[in-house]
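Contents: one structure, followed by commentary.
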Amino acid sequence: MAKIGVFVCHCGENIAAKVDCTKLTAAMESHPGVSIATEYKYFCSDPGQESIKKAIVEQGLTGVIVAACSPRMHEATFRKACAAAGLNPYLCEIANIREQCSWVHSDGDEATEKAIEITRSLVEKVKRNNELQPILVPVTKRALVIGGGIAGIQAALDIANAGGEVVLVEREASLGGHMAQLSETFPTLDCSQCIMTPRMVEAAQHPNIRLLTYAEVEKVEGFIGNFHVRVKMKARYVDMYACTGCGDCIQKCPQKKISAEFDCGLANRPAIYTPFAQAVPNKPVIDRQHCTYFKNGKCKVCQKVCQTNAINFDMEDEYLDLEIGAIVVATGFQIQNTSLYGEYGYGRYPDVVTGLQFERLASASGPTGGRIARPSDGKEPETVVFIQCAGSRDPSKGVSYCSKICCMYTAKHAMLYAHKNHHGTSRVFYMDIRAAGKGYDEFTRRAIEEDGAGYIRGRVSKLWEENGKLMVRGVDTLLGRPVEVPADMVVLATAMVPQPDAKEFAKTLGIGCDEYGFFNEAHMKLRPVETATAGIFLAGACQSPKDIPDSVAQASAAASKVLALFSREKLEREPIIAMNNEATCSGCWGCVLACPYNAIEKKDITDRAGNLIRRVASVNPGLCQGCGTCVTFCRSNSIDLAGFTEKQIFAEVMGL
Amino acid sequence: MSIQEHYRSRAKELLSAGTVKMVIGYGAGSTPDRRRPVFITSPDEADRLVLDTTCRTNLSGYLLREGLLSDQKQVAVFLTVDGIRSLNVLAAESQLDTSQVLVFGFGIEGDQARAIEGERAADFKSVIAAAKEQRKSQPADELQEKLEAMTPKERFSFWEGEFSRCIKCYACRQACPMCWCRRCVVDNNQPQWVNTSSHTLGNLEWNLLRAFHLAGRCVECGNCSRACPADIPLHLLNRRMADEVQASFDHYPGMDEAQEPVLASFRKDDPETFIL
Ligand code: SF4
Ligand code: SF4
Ligand code: SF4
Ligand code: SF4
């Protein structure tokens with residue numbers, strides 16, 4: 001016999017102002033199967049929950065309905081209260097008489113009538129509810145970190161140092177990301193390479209970290225604690241184990257004029273190369289596209305000079321299948337294609353460079369050995385103009401957001417320039433200076449006050465060449481007049497944008513991204529490192545423009561989330577999953593196609609001798625997310641969803 | 001040699017050689033213009049096979065008889081283009097394996113039955129593609145035009161009138177090769193979504209549910225309407241559904257056995273006009 005308790009909540013005035021709760025309670029009291037119906041001002045309060053618990057124990061209730069707000073608000077609260085009183089939590093249901101009733105109706109009588117119907121239908125449902133038990137799934141304690149820049153390295157090290165296993169995947173031939181390209185870093189002006197390379201080495205040598213460079217994540221399936229990941233190991237044509245990193249092959253490669261990505265095109269590299277001198281791992285790869293052998297079928301010079309026979313032209317891409325418990329996405333950023341800004345002359349004038357190119361010029365390991373020189377003739381520029389917000393904060397052409405780091409690095413550039421070219425002049429066109437970070441404002445002030453950077457507030461409208469000078473015309477909005485600066489070199493503080501394939505990759509991962517392609521966090525304020533997909537976390541500039549300290553902080557935060565997950569042996573999952581009636585299933589596989597989570601498998605039914613009789617669909621409880629898509633697809637109604645079975649839904653409908 | 005003779009001798013040949021274990025075809029019926037399905041298993045019986053313009057039934061459904069194909073042996077069957085399409089749909093829905101089916105293809109043009117070239121379902125690809133194109137320009141029949149011209153209310157009362165004659169014999173379901181569920185949802189009594197008695201509401205539920213279950217799958221063979229003892233023009237409902245599916249998704253059921261069911265496949269360029 002059903003003994004249902006109905007608890008009608010006033011939600012202060014939220015419900016009671018429209019719905020006649022006393023009338024609703026009375027109607028429920030007389031409904032068949034209902035043992036007790038009461039009303040109260042706030043059932044979610046402590047005394048409210050206590051009264052529900054008391055009723056469960058005293059009346060021996062077999063089901064509970066709380067007529068209140070949306071189940072999203074307090075279903076968990078009330079289910080917990082029921083469990084505390086010894087009632088299986090899945091025998092508790094919420095009748096939503098607030099969002100779907102009191103809030104959307106103006107007529108009190110009608111609202112009351114509707115509240116009665118809603119509650120009654122749920123009473124009919126709960127009579128047919130079953131006790132459900134949470135599903136326990138094991139956690140694979142191995143993290144995948146995607147991206148080997150500073151954020152990825154930090155997350156990997158934090159997880160590995162706490163004893164977790166990590167697979168670190170980097171698509172370039174070396175760890176390092178953009179940070180490895182930088183010269184000195186703000187606000188302390190320590191050399192980027194000096195603080196970065198030890199971390200790269202630490203990550204590469206850590207016993208808990210498996211480093212996969214020149215590799216890409218191809219496929220991600222499964223769910224929190226139990227992801228199945230396929231990684232493509234791109235063919236390097238160099239045997240990692242045999243190669244000693246001597247570099248003879250690099251020396252002898254006849255292709256020497258390939259624009260070097262790491263140096264932003266300011267220097268050249270051969271077809272067999274390591275991205276930079278301190279690369280980790282320090283083993284070269286062959287750039288198939290430019291290699292003479294791959295192009296003409298002749299050459300193999302590198303193979304001839306290699307003492308250890310490490311070069312293998314027959315190598316092919318390989319695939320690795322990994323079992324992973326949690327994923328940290330740290331895929332970083334790119335800089336915006338500067339050709340968008342024709343008026344700034346990028347691409348037309350060799351001495352108009354991007355901020356990243358300037359970093360390479362200023363870097364001791366860069367193409368000029370740290371001498372700031374013009375790409376066109378190698379002369380030291382006497383006047384350098386910096387243009388901030390080149391692409392950022394420009395909804396009409398670039399991107400609407402602020403790239404966050406450019407104010408700081410432009411100040412740094414002006415400073416480095418002053419330190420290296422003592423007689424030089426620098427002019428910075430800016431919109432406003434955004435230097436909100438520890439020591440940041442002090443830093444920009446130092447650039448202005450001590451290193452003589454001349455800041456001009458205004459945008460640049462045009463740039464052209466005249467008598468060997470780059471003429472920069474802008475407006476000084478503080479003086480309210482146009483200005484023209486003849487420059488020897490112009491540096492654009494280019495917008496920071498997501499990786500070009502970020503949107504595609506978001507799909508591979510099953511996470512969301514914003515209109516630009518930055519990955520979305522689960523909640524901007526309260527869950528900034530989680531994604532909406534459980535078990536996938538974010539770190540660094542793949543989420544939004546970030547500087548190094550922010551990237552590192554977020555990476556450590558992501559690592560702590562991963563470690564929290566790894567601290568458990570088993571994960572509890574909601575038992576709301578699909579079940580198939582194998583007796584009636586016709587094996588059409590419609591549900592297999594329809595299931596968005598690949599949770600349905602084909603199962604053979606055999607007789608005792610092992611002969612195949614039929615094939616049916618079978619739901620994998622670990623993968624099923626309880627979305628119900630298969631239920632709606634199956635024509636023979638063979639699939640049912642626990643907690644929302646056909647019987648329950650039918651009763652609910654008939655209760656209306 | 002007439003087409004009937006041609007297939008009779010082919011049946012004899014295949015049965016004698018043991019290539020097929022059975023030929024499913026048409027035989028003489030109770031009246032001169034009626035045909036009934038025959039299941040020939042020995043070469044001497046092949047002379048019972050008839051093929052003429054009165055052979056209308058889509059025989060592909062008989063292939064689904066429990067156990068018929070489970071021994072991996074081959075069966076030959078007389079099929080029109082529609083029938084071959086239903087074979088493809090059944091294969092796509094994993095109900096049979098086309099490599100076990102030898103097709104005796106034929107078409108009816110005017111007052112003659114003609115053979116169509118091919119042996120396996122896959123051999124008829126171009127014939128099916130042509131049928132797809134032809135369907136696009138095929139004029140609606142008189143009754144369908146009348147229905148299209150009606151207001152929704154008139155149309156509803158038309159169907160209500162038609163369905164009121166339904167006696168829930170489920171002959172339409174039995175005749176349709178696509179109705180292969182091991183347990184039909186209307187036979188489910190826990191809960192009983194569809195009323196079993198034949199009153200107006202229950203009939204409406206049944207007939208609409210049947211039409212929806214055939215959306216994107218019906219090959220328009222007409223078995224359902226021919227089977228209905230109450231003369232309900234059931235195929236018109238399916239035809240309307242097929243029009244929609246063809247117009248919205250360019251989906252023509254039964255193109256080949258790899259075709260994904262339209263309702264379980266998702267493409268980025270699917271029209272989503274129904275989403276506000
Ligand atoms: S859709 Fe239904 S009948 Fe088809 S395989 Fe799935 S459960 Fe079985
Ligand atoms: S409810 Fe069905 S469709 Fe949804 S995840 Fe589970 S098995 Fe897949
Ligand atoms: S619904 Fe009718 S016309 Fe369509 S496939 Fe079935 S029997 Fe043939
Ligand atoms: S064959 Fe006709 S009468 Fe029989 S169930 Fe179908 S529609 Fe109704």
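What's counted below: heavy atoms across the whole structure, side chains too, no hydrogens, waters or symmetry copies. Because the structure is a prediction, the values reported are computed rather than measured. Each chain gets a letter, A, B and so on, in the order the sequences are listed, and its residues count up from 1.
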Tell me whether the count of non-hydrogen atoms from other residues, nucleotides or ligands lying under 6.0 Å of [atom1] in [X] goes above 12.
X	atom1	value
B:Lys21	NZ	yes
B:Arg135	CZ	yes
B:Lys132	NZ	yes
B:Lys125	NZ	no
A:Tyr516	OH	yes

Just by distance, do the side chain of B:Arg183 and the backbone of A:Asn637 share a donor-acceptor pair under 3.5 Å?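 Side chain of B:Arg183 to backbone of A:Asn637: a pair is present.
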
* Between A:Glu646 (side chain) and B:Trp193 (backbone), is there a donor-acceptor pair under 3.5 Å? -> no

Considering only heavy atoms, which portion of [X] lies under 4.5 Å from any heavy atom of chain B: side chain, backbone, both, or neither?
X	result
A:Cys585	backbone
A:Ala651	neither
A:Asn611	neither
A:Arg615	neither
A:Phe633	side chain

Most heavy-atom pairs under 4.5 Å with chain B, out of A:Ser638, A:Ala594, A:Ser586, belong to A:Ser586

When the 4.5 angstrom heavy-atom criterion is applied to B:Gln190 and chain A, the contacting part is both

Roughly how far, to the nearest 0.5 Å, is the CG atom of B:Asn188 from the CG atom of A:Asn581?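 If I round to the nearest 0.5 Å, the distance is 9.0 Å.
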
Under a 4.5 Å cut-off applied to non-hydrogen side-chain atoms, are B:Met178 and A:Arg635 in contact?
no

Looking at B:Glu93, B:Gln95, B:Arg182, B:Gln192, which one has more heavy-atom pairs under 4.5 Å with chain A than the rest?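 Among the listed options, the one with the most contacts to chain A is B:Arg182.
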
For A:Gly587 and B:Ser94 the tightest heavy-atom approach is O-CB, 3.3 Å

